[in-house]
2 protein chains.
Amino acid sequence: MTFSSFGRDMNLTMEVICRELFLHNRESIKIQKEETAVRNLVKILDAALRLCNEKGFASMSLRDLSREADLSLGAMYSYFSSKDDLLRLMQGQCRSMVLRALESGIEGFYDPRMRLRRLIQAHLYSSEILQPWFYMSYMETRSFPKDEYSLAIEAELFTEKTLVDIMLEGQASGLFKPVNAGLLGAVTKAMLQDWYLKRWKYSKRKITVQNYCDFVLDFIESYLLFTAEA
Amino acid sequence: MTFSSFGRDMNLTMEVICRELFLHNRESIKIQKEETAVRNLVKILDAALRLCNEKGFASMSLRDLSREADLSLGAMYSYFSSKDDLLRLMQGQCRSMVLRALESGIEGFYDPRMRLRRLIQAHLYSSEILQPWFYMSYMETRSFPKDEYSLAIEAELFTEKTLVDIMLEGQASGLFKPVNAGLLGAVTKAMLQDWYLKRWKYSKRKITVQNYCDFVLDFIESYLLFTAEA
DNA sequence: GTCTATACCAGGATAGAC
DNA sequence: GTCTATCCTGGTATAGAC
């Protein structure tokens, strides 16, 4: 699976994302006409992701946002009922996109080595496309209200558990070495997250998602596979 | 180097830290008497770290802080001149402690393998002791004013460069395999940071800093060393 | 050195015209 | 559906008594 084929399959443009967000939240959004709603949601979310990733959600004022989104304060309140509600909308959309990306990455594959590769690729590739979403989600989790917080933690642990389960499977079938799968899963997650948390660093060094992905796979597989050294 | 010997050597109690912070910032702190100042700084910084790590610096109000620190608003303003100034004080103190810990970790060691081990240990052990400081520093960097931001980024890159330099040294002397040292340094940093960023996760699983450290060292050395498999 | 009281403003939220 | 005008809370910061 290459990055460009993944991107084509997932089709995650802002317009598509906002349309889905609109359809899933018709009750809470006061605007009726789909085209109007989607057009403005694109403006709002683009601006929100930009501001939020610069200074953090708490420091982003709705006045800033209204200026950047080129919509009045009053108009924006037709799309969400409070600032927290905006965060909830974005967070929910992000969670559903991530889950879909990871699941579509591994479905139909049964060999542990292949499943591990595809899961890591799906994670890195989707965080490449949705970087501002992933970043915001990571940085703002702690300020969520209790129920949203739990959902976010659950999602974090789910990814990790999926990684660990694949490793355990591979160990059970004798394909992988009997290393500490729990810890390997944890640090793998950390490496995957670093890709969207330190984007500035990797861009500056001209390291592409493909480079990073190949390296991480090599590093992990060297530790897991029995294959002799080159 | 074990965690407890490191802890003994560094002697990083809140009282010691605040005394140092006071001595380095006498001009900006309006209180004269050292004992009074240190006693109150401990109260302020303990509370600030707690609140800040819960909800983020921007969402921590000085009213909250004054209540938690059990000092009036007016009194607190004798210790810093603005909320941003408080952040600057804490940030500066954190940077100086980290640098000292890392340097004292590797000084006097020349074998690349040993230097790498000691640097990783020093980083993990100090982040174990200073977890709230490290966490705050990581999460708030992006909201710093420009000059403070540059200093923080510089510190991040310095640690990474130290790691990479040791790896390159080891490769040059033929001790380490010729893997991509730049990327290995980057993901190593990510693994080190995960220890203080996801403390809740590791505590819950009863993984100690010693467990984590041993695992990370094994993982990295397996990739770097020529030694045959067990 | 520490407190209380208060100035002042920015931010979230809403009402009601168009 | 969108805008402008406005309300009101709660934030940072300071003044001045003790």
Side-chain angles (χ1 to χ4, degrees), chain A residues 18-19 21-22 25-45 47-48 51-52 54-90 140 143-145, chain B residues 18-19 21-22 25-45 47-48 51-52 54-90 140 143-145:
Chain A
C18 288
R19 189 174 306 275
L21 189 148
F22 171 70
N25 292 279
R26 277 210 129 133
E27 333 75 58
S28 69
I29 293 176
K30 294 182 195 70
I31 306 299
Q32 300 299 318
K33 273 174 62 188
E34 180 169 333
E35 292 317 311
T36 310
V38 172
R39 180 165 29 87
N40 284 330
L41 280 171
V42 168
K43 293 207 285 184
I44 294 171
L45 294 192
L51 290 173
C52 206
E54 258 166 44
K55 354 198 265 175
F57 185 78
S59 307
M60 169 187 77
S61 79
L62 293 182
R63 286 181 160 82
D64 288 349
L65 182 58
S66 105
R67 188 165 16 77
E68 287 283 308
D70 201 28
L71 253 115
S72 72
L73 262 173
M76 287 199 311
Y77 270 94
S78 309
Y79 293 87
F80 48 79
S81 62
S82 72
K83 197 183 173 190
D84 279 348
D85 189 45
L86 169 62
L87 187 57
R88 192 189 52 76
L89 282 180
M90 296 175 74
E140 307 302 339
S143 50
F144 292 167
Chain B
C18 288
R19 189 174 305 275
L21 187 147
F22 170 71
N25 294 278
R26 276 210 132 134
E27 335 75 57
S28 69
I29 293 175
K30 294 184 194 67
I31 307 299
Q32 300 298 319
K33 274 173 61 187
E34 179 168 334
E35 291 317 310
T36 311
V38 172
R39 181 167 26 87
N40 284 331
L41 280 171
V42 169
K43 294 206 285 183
I44 294 172
L45 294 191
L51 290 173
C52 205
E54 258 166 44
K55 353 195 267 172
F57 186 77
S59 307
M60 169 188 77
S61 80
L62 294 182
R63 286 201 227 273
D64 287 351
L65 182 58
S66 107
R67 188 165 17 76
E68 287 284 308
D70 200 28
L71 252 111
S72 71
L73 261 173
M76 286 200 311
Y77 271 93
S78 308
Y79 293 86
F80 48 79
S81 62
S82 71
K83 197 183 173 189
D84 278 349
D85 190 45
L86 170 61
L87 187 57
R88 191 188 53 76
L89 282 180
M90 297 175 74
E140 306 302 338
S143 50
F144 291 168

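We name chains A, B, ... by the order of the sequence lines, and we start the count at 1 in each one.
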Next item on the list: Please assess A:Phe22 against A:Glu34 for the test side chain to side chain contact (heavy atoms under 4.5 Å, CB included), listing each intermediate value before the final yes or no.
Entry: CA-CA 8 Å; A:Phe22 171 70; A:Glu34 180 169 333; 3.8 Å; yes
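- Between the side chain of A:Asp64 and the backbone N or O of A:Met60, no donor-acceptor pair lies under 3.5 Å.
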Check: Going through the distances and angles, do B:Asn40 and B:Ile31 end up as a side chain to side chain contact (heavy atoms under 4.5 Å, CB included)?
Finding: CA-CA 10 Å; B:Asn40 284 331; B:Ile31 307 299; over 6 Å; no
Next item on the list: Test side chain to side chain contact (heavy atoms under 4.5 Å, CB included) on A:Leu86 and A:Met90 and set out the steps.
Entry: CA-CA 6 Å; A:Leu86 169 62; A:Met90 296 175 74; 4.0 Å; yes
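- Look at CZ on A:Arg39: it is 10 Å from C1' on D:dG1, rounded to the nearest Å.
- Across the protein-nucleic acid pair, A:Lys55 atom NZ and C:dG11 atom C1' stand 12 Å apart, rounded to whole Å.
- Atom C1' of nucleotide C:dA13 and atom CG of A:Leu86 are separated by 14 Å, given to the nearest angstrom.
- With hydrogens and angles ignored, the 3.5 Å screen pairs no side-chain donor or acceptor of B:Lys83 with any backbone N or O of B:Ser61.
- Remark: side-chain polar atoms of A:Glu140 are paired, donor with acceptor, to backbone N or O of A:Phe57 under 3.5 angstrom.
- Near DNA chain D, defined here as any heavy-atom distance below 4.0 Å, there are no residues from residues 64-72 of chain B.
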Margin query: Protein within reach of the bases, or only the backbone? For nucleotides 12-18 of chain D, mark each nucleotide 5' to 3' as B, S or -, using heavy atoms under 4.0 Å.
Written below: BBB----
Next item on the list: Evaluate side chain to side chain contact (heavy atoms under 4.5 Å, CB included) for A:Tyr77 paired with A:Leu62, printing each intermediate quantity in order.
Entry: CA-CA 10 Å; A:Tyr77 270 94; A:Leu62 293 182; 3.1 Å; yes
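- Formation of a donor-acceptor pair under 3.5 Å by the B:Ser78 side chain with backbone atoms of B:Ala75 is found in this model.
- Ion pair A:Glu35/A:Arg19 flagged as a salt bridge, since at least one NZ, NE, NH1 or NH2 atom sits closer than 4.0 Å to an Asp/Glu carboxylate oxygen.
- Between the side chain of A:Ser66 and the backbone N or O of A:Ser72 there is no donor-acceptor pair closer than 3.5 Å.
- Contacts between residues 27-34 of chain B and DNA chain C, defined by a heavy-atom separation below 4.0 Å, involve B:Ile31, B:Gln32, B:Lys33, listed by number.
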